[in-house]
2 protein chains.
Amino acid sequence: MVTTEPGSGRPLRGTSPRSPSVKDVAVAAEVSLGTVSNVLNRPDRVSERTRERVERVMRELGFVRNESARQLRAGRSSTIAYVMLDATNPFFTDVAQGIEEAAEHADMSLFICNSDNRAAREARYLQRLQQQRVQGILITPVNPDDPTLDEVSRHGTPVVIVDRVGSIENHCSVAVDDVLGGRVAIDHLLDMGHERIAVVGGPQSIGQVRDRFTGARAAMQDAGRSPDDLAVVGTDALSVSEGRSAGERIAGMPRSSRPTAAFCANDLLALGLLQQCVALGISVPEDLAIVGYDDIDFAAAAAVPLTSVRQPRRDLGRTAAELLLDEDSNAEHAHQQILFTPELVARGSTRHS
Amino acid sequence: MVTTEPGSGRPLRGTSPRSPSVKDVAVAAEVSLGTVSNVLNRPDRVSERTRERVERVMRELGFVRNESARQLRAGRSSTIAYVMLDATNPFFTDVAQGIEEAAEHADMSLFICNSDNRAAREARYLQRLQQQRVQGILITPVNPDDPTLDEVSRHGTPVVIVDRVGSIENHCSVAVDDVLGGRVAIDHLLDMGHERIAVVGGPQSIGQVRDRFTGARAAMQDAGRSPDDLAVVGTDALSVSEGRSAGERIAGMPRSSRPTAAFCANDLLALGLLQQCVALGISVPEDLAIVGYDDIDFAAAAAVPLTSVRQPRRDLGRTAAELLLDEDSNAEHAHQQILFTPELVARGSTRHS
DNA sequence: ATCAAGTTTTGAAACCTTTCAATTCAGGGT
DNA sequence: ACCCTGAATTGAAAGGTTTCAAAACTTGAT
C-alpha cells in the first residue's frame, strides 16, 4: 500500500465559507428575493431580461439550491427510499433497478439502504427516513409482520412491501407467488421422472423459504406422493457458501437413498451446491438435477446452466414504485396487493443431454 | 397477476394532517421550545423530571425530528453518499459494504446511488447530492477527469474517488494498482508455460481496462516477449453476455493460432467466457486457461473455479469512507492517494489437474 | 435575610426557501 | 392627461430546529 501526499496541503480550502443563498443572488442581481425564487420555480413569470441576469449571477456565484430549506417550506421531499434486504444478492439489485426506472421517470430521487438482513439496522434506517420526511418507503422487510412498518405508515409515510405480503390494512405490497414457484419447480422435477427429491434452504424464519417449500409439498400431494418424501436439507442462510455445505451433506448420503434432484430456495444456494457437486465428482444433471430460484444472471452463466424459477424482478420493482407514487399523488388511492406469477426456465442442470 | 383490494379503502388516511413539531411538544409538556431542544440535544442540561415529562409527551404525540429543519439550521447533514458505477456488479456492492461499515461506525447515514455507467445520470446525482448538502461524496466516476468533480469539491463538498485515481489537487482517492494487477495475471500465465495469450475486455474508455492491459503488456515486455504477442479480444462492456460473445470469437479461431490462455478485464467477462467454452466443448483449463479480475464470490463458485486477481474490496470502501470522514472533521486534512495491492488467487481455471 | 454560585429554563434570532397578496410598471385605448 | 389591464416585481410571513445570551430558580453559606 503506497501513500502519496501533495506538497501544498489543501489548496482550495476556506475559499467558500458558506455557499451563496437566494439572498446573495438577489443582492448581486439587484432584484428582490421573490424574483430569484420565481426564476427558479416559475420562469415564465419573469421578464426575459431579468431572468437572464439572475441566471448569470447564479452561475457566477455558483449558487446551489438548498434542498433542506426547500423541503422545510414544502413539507415534503422528492425522495423515495428502498430498504433492501441483501445488497449482495443480485435478485435485489435487479429489483432496485426496476424501482430506479420508475423513480427516474417520475423525477424522484431514490435513496437505497441495505438492512443486510438485520432487524436493528432496518429499524435505524426506517427512523432516519422518517426524519428525512421521504415521500415514501419501499421495503423488503426482515419481518413483514413487524409492527414498526404499520407505525411508519400510520405516521404518514407510505410504505410498500416488496417481495413479501404485509397487512393490507396499512400498505400496498408487490410480490411473486412463491407457493406457486415451489410447485412449479417440483412439478418439473416430477415430470423429469425423479423419485427422491431434496429441498435445500433455510432458515425457516425467512418467509420466502417457507412459501417455496409449502408449494413444493403441495405439488407432491397433488402428484399423489406424500409431502414427507421430500428430504429437507436445511441451511443457515441463502448464500453460496451455505449451498456448498449443503452439497457436502448430500454427497455424504449413501448412494441408494441419495436424492436424484434438489430444489434450492434460491440461486445462490443452487450455485454453491452445483459447484460442490462438480468438485466432488457428482455430475449434474445425471447424478443430481438442480433447480434454483430467482434466475439471476449468474444462473444462466454457470458452467452447467441452471434451471431456475424466474421472477419478474424489474417489474416487481417498477410496479412497487408506481404504487408508492400513486399513493403519494392520488387521493383516491386504495391499497393493493399485487402478485406476479413466476415461471420455470429449464436449462442444463435438469435436462439430460 | 392477481390484484386484491381491501373492502374498506384507505383506513387511516387523514388521521395525521401534519406531524407534530417541537413547538407542539413544548406546548403539551408545558415547557419552552428551547427546553425541548435541550432534551433532544443536551439531555444533561435538563432536570430529570422535566426530561421525563418531555420524553413522555414526545412518545404520546409520536414526535419525529424534522431532519430538514435540523440541517437547515446546522448547515450540514450527517449523510454521505456513494455514487456507484454499476449496482449489478458484485465488486461494487462489496465496496459499498465496506463504506457502510465505516459510515455506521461514525453514525452517518449512507445514501447509495447508481450511475449505471451513464455520465448524465451521474451528473444528475451529483447535483442532487450537493443540493442536499451531504457531508461528502464517494464516487467511482464514469470519467475520473470530469471537471464536474473538481467543481463539486471546490464548492465545499468533499469528494473521494473510489477505484480510480483523480487529481490530487482536489480530492483523496483510494484505488487498487490495476497495472500491477494486469502484470500479476500475465506473469502467472507465463509461469504456467502459456505462449499464446489473449486479453479480453473493453471498451478502452474504461480506465480500469486500460490499466490492466497496460500491466499485461509490461509483463510481456519484462519476460522478453513483445507486448504485441497478446491477442486483443475487444468487448463493448464488462458483462457476462459480452464474455460469452468473446468466447464465440475465440472458439472461431483456427486451432493452431488460437490462444491457450485468456486474461479477462473482470470476472463477469471471465464467467461468460467460461460458460461459452464449456458450451462449445473447449475444456478449461486444458484447451484454454482463464484468469479473471476482482475475485467476486461467484468466481470461486463457478463450476470450474476461476483464477482471479483479488482486490481488497471491503478495505477499499472502508478506507475511502474514512478519508472522507477525516476530510470532514479534521482541519489538518491533506489529500491522499492510497493505492492497494492486488493479489492473484490461483484456482482450477488455470491449473492443470 | 442575603448573597454567591450553580443549575435550569426561557425567548428570540437565525438558517434558506417558497408563496401570495399587494404594489409597481408599461402600454394601449379613450 | 387618464384609466384600465395585464405583466412584472416586491416584501413579508411561514416552516421546524438549534443556539445563545439572559432570566429565573435552587442550594448552601454567611
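Lettering of chains follows the sequences in order, A, B, ..., and the numbering in each one begins at 1.
Atom-to-atom, CZ of B:Arg49 to P of D:dC25 comes out at 14 Å; the value is rounded to the nearest Å. Atom pair A:Arg53:CZ and D:dA8:P shows a separation of 14 Å (rounding to whole Å applied). Following rounding to the nearest Å, A:Arg45 (CZ) and C:dC25 (C1') show an atom-to-atom distance of 17 Å.
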In B/S/- notation (B base, S sugar-phosphate only, - none; protein heavy atoms under 4.0 Å), nucleotides 13-21 of chain D written 5' to 3' is BBBBBBB--
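Annotation for B:Arg133 and B:Ser77: closest pair O-OG, 3.2 Å, computed over non-hydrogen atoms. Across B:Ile80 and B:Ala103, no two heavy atoms sit closer than the pair CD1-CB, 4.1 Å.
The phosphate of C:dT10 (OP1 or OP2) has a side-chain N or O of B:Thr35 nearer than 4.0 angstrom.
Between A:Arg51 and A:Glu48 there is a salt bridge, since a side-chain N of the basic residue sits under 4.0 Å from a carboxylate O of the acidic one. Ion pairing between a basic and an acidic side chain is recognised when a charged N comes within 4.0 Å of a carboxylate O; A:Glu52 and A:Arg56 show no such pairing.
A donor-acceptor pair under 3.5 Å is absent between the side-chain atoms of B:Ser78 and the main chain of B:Met108, judged by distance alone. A side-chain donor-acceptor contact under 3.5 Å links A:His155 to the backbone of B:Gly62.
Nearest to the side chain of A:Ser47, among D:dA8, D:dT10, C:dT10, sits D:dA8.
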